[in-house]
J.: 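Could you have a look at this structure, given as structure tokens, before my questions?
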Amino acid sequence: DLMSADELRSQLFAGSEKAQFQLLQTLTQGGETVWDVLMEFLLKQQSHPPSVVEGKVYQILYTAHPNSEKVSTFLQTHFPTGIVPLKSEAGIDYIPLQKLLAEQNFLEADKLSLQNLCELAGASALQRKWLYFSEIERFPTTDLHTLDALWRIHSEGKFGYSIQRELWLGVNKNWDKLWPKIGWRTGRNWTRYPQGFTWDLTAPKGHLPLSNQLRGVRVIEALLSHPAWLKS
Ligand code: UYC
């Protein structure tokens with residue numbers, strides 16, 4: 001059943017978030033008419049912070065852009081660095097991460113996120129390629145918000161540190177209950193890096209980004225306990 005542009009427009013602009021999402025799931029075919037409405041939507045919304053619905057719309061357009069000069073030009077003109085403001089107090093350029101997430105290249109995005117966290121921690125962490133838990137409390141809230149928003153907005157709200165934090169609080173901070181929930185352990189077996197993990201949106205909620213548990217839980221504990229996640 002083909003929906004007219006007017007029907008699509010009114011449903012997209014007026015629906016609840018759930019209805020908007022359901023509608024967008026049906027639009028994978030696309031075509032110029034659909035894309036026109038989606039471009040109009042993205043331009044008119046521009047919420048602060050961006051919503052996961054806008055993230056999904058952006059994603060559909062991003063996927064479409066190689067097939068449409070118009071979509072390509074639109075994204076380049078209005079959203080050259082995506083829809084998440086790439087704010088950094090530490091002077092980090094989050095464009096490479098934005099690009100990987102827009103491409104849904106979650107494996108490379110995960111690697112780059114760890115590198116970005118090491119950059120936040122400073123030169124010695126960048127060299128050692130892993131974090132001390134004590135480095136994390138000094139991370140600027142702005143940068144953690146940017147990293148988290150990038151992951152959430154480009155994953156239909158599935159991935160990101162704040163999502164992991166909610167799940168962790170939901171199991172009363174019990175790590176043994178969290179691991180199987182987010183697909184990091186099955187029974188007695190740790191999920192093997194990288195091939196055991198699910199690098200797409202079929203993954204369980206909170207699956208990404210990863211934190212290696214080889215040196216214990218203190219790093220992820222510090223990350224999920226950061227004041228950045230306290231509601232303001
Ligand atoms: N790995 O098993 N992991 C690595 C995870 C563990 C191990 C990297 C996550 C358990 C070794 C990432 C899980 C374990 C390396 C992750 C997981 C283990 C490595 C690359 C489920 C053995 C080689 C970035 C909790 C029983 C590197 C990095 C090294 C790498 C992630 C082994 C992202 C979420 C306890 C030997 N694992 N990791 O941190 O440091 O190196 O020697 O968590």
Side-chain angles (χ1 to χ4, degrees), residues 84 86 88 90 92-141 143-226 228-229:
V84 174
L86 304 181
S88 172
I92 294 177
D93 176 10
Y94 291 112
I95 290 178
L97 180 60
Q98 191 278 330
K99 287 214 160 81
L100 290 171
L101 289 167
E103 292 159 11
Q104 308 275 280
N105 185 344
F106 292 117
L107 173 60
E108 290 304 323
D110 185 66
K111 289 182 189 169
L112 185 51
S113 295
L114 175 60
Q115 191 189 314
N116 287 155
L117 292 180
C118 288
E119 280 177 66
L120 287 178
S124 55
L126 203 49
Q127 209 164 33
R128 105 173 74 89
K129 296 191 165 73
W130 48 274
L131 299 160
Y132 286 130
F133 76 92
S134 55
E135 291 165 332
I136 290 167
E137 62 182 27
R138 290 189 294 268
F139 285 1
T141 291
D143 289 70
L144 289 179
H145 281 174
T146 299
L147 284 163
D148 182 59
L150 280 170
W151 276 95
R152 273 189 303 103
I153 297 307
H154 291 101
S155 67
E156 304 180 8
K158 190 163 228 179
F159 301 147
Y161 306 113
S162 66
I163 304 290
Q164 292 171 337
R165 174 184 159 86
E166 287 308 312
L167 294 169
W168 178 55
L169 296 180
V171 295
N172 297 312
K173 304 189 178 182
N174 182 329
W175 297 112
D176 290 328
K177 288 189 179 157
L178 183 68
W179 307 142
K181 208 183 204 19
I182 63 176
W184 289 10
R185 197 170 65 196
T186 309
R188 296 162 53 86
N189 302 312
W190 292 106
T191 303
R192 288 281 182 87
Y193 181 82
Q195 77 279 2
F197 293 91
T198 304
W199 302 104
D200 58 48
L201 292 179
T202 65
K205 194 171 176 184
H207 193 60
L208 302 175
L210 300 182
S211 296
N212 192 358
Q213 297 307 305
L214 193 58
R215 299 174 190 86
V217 296
R218 292 182 82 175
V219 166
I220 191 170
E221 178 159 37
L223 209 46
L224 303 190
S225 306
H226 194 280
W229 317 125

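Both ligands and their constituent atoms are indexed starting at 1 by order of listing. The residues of the chain are indexed from 1 along the displayed sequence. All values below come from the heavy atoms of this structure, side chains included, with hydrogens, waters and symmetry mates left out.
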J.: Under the side chain to side chain contact (heavy atoms under 4.5 Å, CB included) test, which residues partner S155, sequence neighbours left out?
T.: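 Expected list: K158, F159, L201.
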J.: Can you name the side chain to side chain contact (heavy atoms under 4.5 Å, CB included) partners of W190, sequence neighbours left out?
T.: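 Once residues adjacent in sequence are excluded, the partners of W190 under the side chain to side chain contact (heavy atoms under 4.5 Å, CB included) criterion are W179, R185, Q213.
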J.: Would you confirm whether Q127, through its side chain, and G122, through its main-chain N or O, come within 3.5 Å as a donor-acceptor pair?
T.: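 Looks like no, no N/O pair under 3.5 Å.
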J.: Using the test side chain to side chain contact (heavy atoms under 4.5 Å, CB included), find all partners of P194 that sit at least two apart in sequence or belong to another chain.
T.: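 Side chain to side chain contact (heavy atoms under 4.5 Å, CB included) check on P194 returns L107, W199.
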J.: At a 4.0 angstrom heavy-atom cut-off, what protein residues surround ligand 1?
T.: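 Those residues closer than 4.0 Å to ligand 1 by some heavy atom are L114, W184, W190, T191, Y193, F197, L210, S211, N212, Q213, L214, R215.
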J.: Give a yes or no answer on whether the side chain of Q104 reaches the backbone of L101 with a donor-acceptor pair at less than 3.5 Å.
T.: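 Yes; judged by distance alone, with no hydrogens or angles, the pair exists.
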J.: Taking the six-membered ring of W130 as reference, does the cationic atom of R128 (NZ for Lys, CZ for Arg) lie under 6.0 Å from its centre and within 45° of its axis?
T.: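 Here R128 passes the 6.0 Å and 45° test against W130.
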